[in-house]
*Asks:* 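Sharing a structure below in structure tokens format, with a few things to ask.
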Amino acid sequence: MPIVTTNMAKVSINLATGSIQKEELIVGIDLGTTNSLVAFINPDKNPQVINDTGKGVLVPSVVHFGPPNGGDITVGNEAKEYLITDPQNTVFSIKRLLGRSYKDIENYKDFFSYKVIDDDSESLVKIKVGDKFYTPIELSSLILKELKARAEHALKTPVNRAVITVPAYFNDSQRQATRDAGKLAGLDVLRIVNEPTAASLAYGIGLNPEETKTIAVYDLGGGTFDVSILQIQNGIFEVLSTNGNTFLGGDDFDRAIVDYWIEKNELNKADILADTKLAQKLRLKAEETKKAFAHQGMVNDKIGDIWCTITRTAFEELILPKVEETITCCKNALRDAKLDISQIDEVIMVGGSTRTALVKRMVAEFFGRPVHDELNPDEVVALGAAIQADILAGNRKDILLLDVTPLSLGIETMGGLMDVIIPRNSKVPTKAGRQYTTSIDGQVNMKIAVYQGERDLIKENRKLAEFDLKGIPAMPAGFPKVDINFLLNADGILKIQAIELRSGVKQEVEVKPTYGITDDQVEQMLMDSITHAKDDVSQRMLIEARTEGEQMVYTVERFVEKNGNFLSVTETAETAKYLATLKAALTGGNKDLIHKAIDELNEFTRPFAERLMDEAISVAMKGKSVG
Ligand code: ADP
Ligand code: MG
């Protein structure tokens, strides 16, 4: 028997009044690296972007923390102004950090003008503004809150439910972080949808369950480029391949124009860039110029004594190598999808930078067909998200709603947290998995407890099964690789498999999540998760901070134990002091204090490891030297 979805998708809670609301609208949100926006289905049943009076449609994805104490938070256009005047307190490109560890981003850390905390670890990054710590989830939630507020203001109704889009190449952790950001903003995130899928829906592609199509979605935004090849069959979108460059976009076009002006005016680039206000003026003029090429062949302007003159032909020559690079990515995507250009049925243009004529020409030429550019390329993803939301709301009877899991399925992780493996509303059959490791040296057993529900703490969710993965060979903490895979079949049977990859130790169980639970109970669980969303997320963040702190204490104590003789008396004493501060913070309920203590202990102990390494190298060298 397939999992019953009932009509629960239509029940929701009005967070403002606490009352139950039926038939509430669900918005679609494009949470972008450069710009974000929100769309809904209007009474004429057409998707429409929300334009809150006078504020425009696009909300720049920028957050500024102003005095006193960073408490005066602005988001969007207003925050963007501070990028120049107050860069340390202005956070942009947050999407690049979502669900990322420091290790993931260390190669491009110079890109950020604000402080990204360098834990030199595998835990998720944090951002420090003033003396406060923020996770990318919290920062993204501020943008989502702004979008929610604008939608509520424009539509004059509470907005509590949303579909949010992410790039097709986002991994599990980045998707989960996006969900959490929504939750923290007070939104019930019904589904995370791939941006290329949303763009296709906006063009009506994939809405007919009968059609089978292969499409290419070319997305060139402000700072990122990606191309996805999708296959649509029976109303199901499958990503065949993705390719791109996360540091290529319209910003590069602007920079190329500025460099051209600097050269033509015989100026010194370093001098110009050092004058941040002037550099910013030039950059804005360059962006304006680039956009003007849509309807004129030449721009002739002046900033102070600097001539800002350029023809469209010269501009196209400047950006040609960048555009060629995107075409190479398209080739690679086709190769990975094992497809020939002739097998692509449609090409869709997404992202503000695809308005550039040269880009359109070259993409159309490469694919050998006209591209879809009828819709506004910076709105198309949000419009598609609104259509997906409408489908989930059950407002499109013509569209087959596939069987979906009514509640999320996941396992317990450190600190009693729920780690979702299959999010609710996933269509069945589905499979998903994630890799875990041990937290203690020599750990040979791992308890795997499986839960169902939407709350962040497992104790609020429903337990489905528990078993031990036994016989993991003794290894240092963090070494074993335990894959946990969930397979939910069309009959609603969940198969859970745990396997330690280094040794091959394996264990499997089967449960039926719908067994013994009524639709009313499912509905109640969903409602509870909405009412408790904010508390849940802050609790989770506290627990995560504690877990990280405890791991840190464990590591540092072990280090001192093993290498104590290697530290000076003062260093040992200082380390003990920082450890004591961290331990004290761990007993309290303030996650900022814990992060601060972790950060300080880290700063202090980092040189030790480096010194130990140098020492080891010099010992090794000595051993090798001949007399
Ligand atoms: P993201 O998806 O990364 O948030 P967007 O899709 O909003 O980004 O694209 C932003 C980029 O689009 C910026 O570099 C902007 O300058 C560029 N852009 C916007 N309008 C035009 C235009 N008319 N011509 C060329 N580029 C444009
Ligand atoms: Mg985008």
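For ligands, and for the atoms within them, numbers begin at 1 and follow the listed sequence.
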*Asks:* I'd like to check whether Ser353 has a polar contact with ligand 1, where a contact means an N/O of the residue lying under 3.5 Å from an N/O of the ligand.
*Replies:* yes

*Asks:* Pick whichever of Ala294, Gly250, Ala286 has a heavy atom sitting closest to atom 14 (O) of ligand 1.
*Replies:*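 Looking at heavy atoms only, the winner is Gly250.
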
*Asks:* Between Tyr108 and Phe112, what is the ring plane arrangement, given parallel below 30°, perpendicular above 60°, and tilted in between?
*Replies:*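 Plane angle between 30° and 60°, so tilted.
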
*Asks:* Among Gly222, Ser36, Pro60, Ser61, which one has a heavy atom closest to atom 11 (C) of ligand 1?
*Replies:*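 That would be Gly222.
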
*Asks:* Do Phe92 and Tyr114 have ring centroids that are under 6.0 Å from one another?
*Replies:*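 Centroid separation for Tyr114 and Phe92: below 6.0 Å.
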
*Asks:* Only heavy atoms of Glu287, strictly under 4.0 Å: list the atoms of ligand 1 that pass.
*Replies:*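 What qualifies from ligand 1 is 15 (C), 16 (O).
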
*Asks:* Can you tell me the protein heavy atom closest to atom 23 (N) of ligand 1 and the distance?
*Replies:* Arg355 CD, 3.5 Å

*Asks:* Go through the steps to decide whether Phe315 and Tyr260 satisfy the test ring-ring contact (aromatic ring centres under 6.0 Å, His included), and finish with yes or no.
*Replies:* CA-CA 9 Å; Phe315 167 67; Tyr260 176 86; 9.7 Å; no

*Asks:* Does ligand 1 come near enough to Leu58 that some N or O of the ligand is less than 3.5 Å from an N or O of the residue?
*Replies:* no

*Asks:* Just which atoms of ligand 1 are under 4.0 Å from any heavy atom in Thr356?
*Replies:* 25 (C)

*Asks:* For Gly32, counting its heavy atoms only, list the atoms of ligand 1 lying under 4.0 Å from any of them.
*Replies:* 4 (O)

*Asks:* May I ask you to check whether Thr34 has an N/O atom sitting below 3.5 Å from an N/O atom of ligand 1?
*Replies:* yes

*Asks:* Can you name the atoms of ligand 1, numbered from 1 with element, that are less than 4.0 Å from a heavy atom of Thr33?
*Replies:* 3 (O), 4 (O)

*Asks:* Parallel, tilted or perpendicular: which one describes the rings of Phe247 and Phe111, with boundaries at 30° and 60°?
*Replies:* perpendicular

*Asks:* Anything under 30° is parallel, anything over 60° is perpendicular, the rest tilted; go ahead and classify Phe133 against His595.
*Replies:* tilted

*Asks:* Are Asp180 and Lys183 ion-paired here, with the side-chain N under 4.0 Å from a carboxylate O?
*Replies:*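 Looking at Lys183 together with Asp180, the answer is no, because their closest N to O distance does not fall below 4.0 Å.
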
*Asks:* Does Lys302 have more than 12 heavy atoms from other residues, nucleotides or ligands lying within 6.0 Å of its NZ?
*Replies:* yes

*Asks:* Considering only the protein, which heavy-atom contact is closest to atom 2 (O) of ligand 1, and what is its distance?
*Replies:* Gly221 CA, 4.3 Å

*Asks:* Please work out which of Gly351, Gly352, Ser93 has its closest non-hydrogen atom nearest to atom 12 (O) of ligand 1.
*Replies:* Gly352

*Asks:* Would you say Gly249 touches ligand 1, if touching means a heavy atom closer than 4.0 Å?
*Replies:*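 In this structure, Gly249 fails to qualify as a contact of ligand 1 - no heavy atom is under 4.0 Å.
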
*Asks:* Write out the residue and atom name of the closest protein heavy atom to atom 19 (C) of ligand 1, then the distance separating them to 0.1 Å.
*Replies:* Lys291 CE, 3.5 Å

*Asks:* How about Phe225 and Tyr218: are their ring centroids closer than 6.0 Å?
*Replies:* yes

*Asks:* Is Arg361 positioned over the aromatic face of Phe366, cation under 6.0 angstrom from the ring centre and no more than 45 degrees off axis?
*Replies:*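 Judged by the rule (NZ or CZ under 6.0 Å from the ring centre, within 45° of its axis), Arg361 is not positioned above Phe366.
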
*Asks:* Are any of the N or O atoms of Lys290 closer than 3.5 Å to those of ligand 1?
*Replies:* yes

*Asks:* Between Arg424 and Asp188 (salt bridge meaning N to carboxylate O under 4.0 Å), is one present in this structure?
*Replies:* yes

*Asks:* Could you find the nearest protein heavy atom to atom 7 (O) of ligand 1 and give me its residue, atom name and distance?
*Replies:* Asn35 ND2, 2.8 Å

*Asks:* How far does CH2 of Trp261 sit from CD1 of Ile310, to the nearest 0.5 angstrom?
*Replies:*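 CD1 of Ile310 is found 7.0 Å from CH2 of Trp261.
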
*Asks:* Pairs of nitrogen or oxygen atoms closer than 3.5 Å, one from Asp219 and one from ligand 1: do any exist?
*Replies:* no

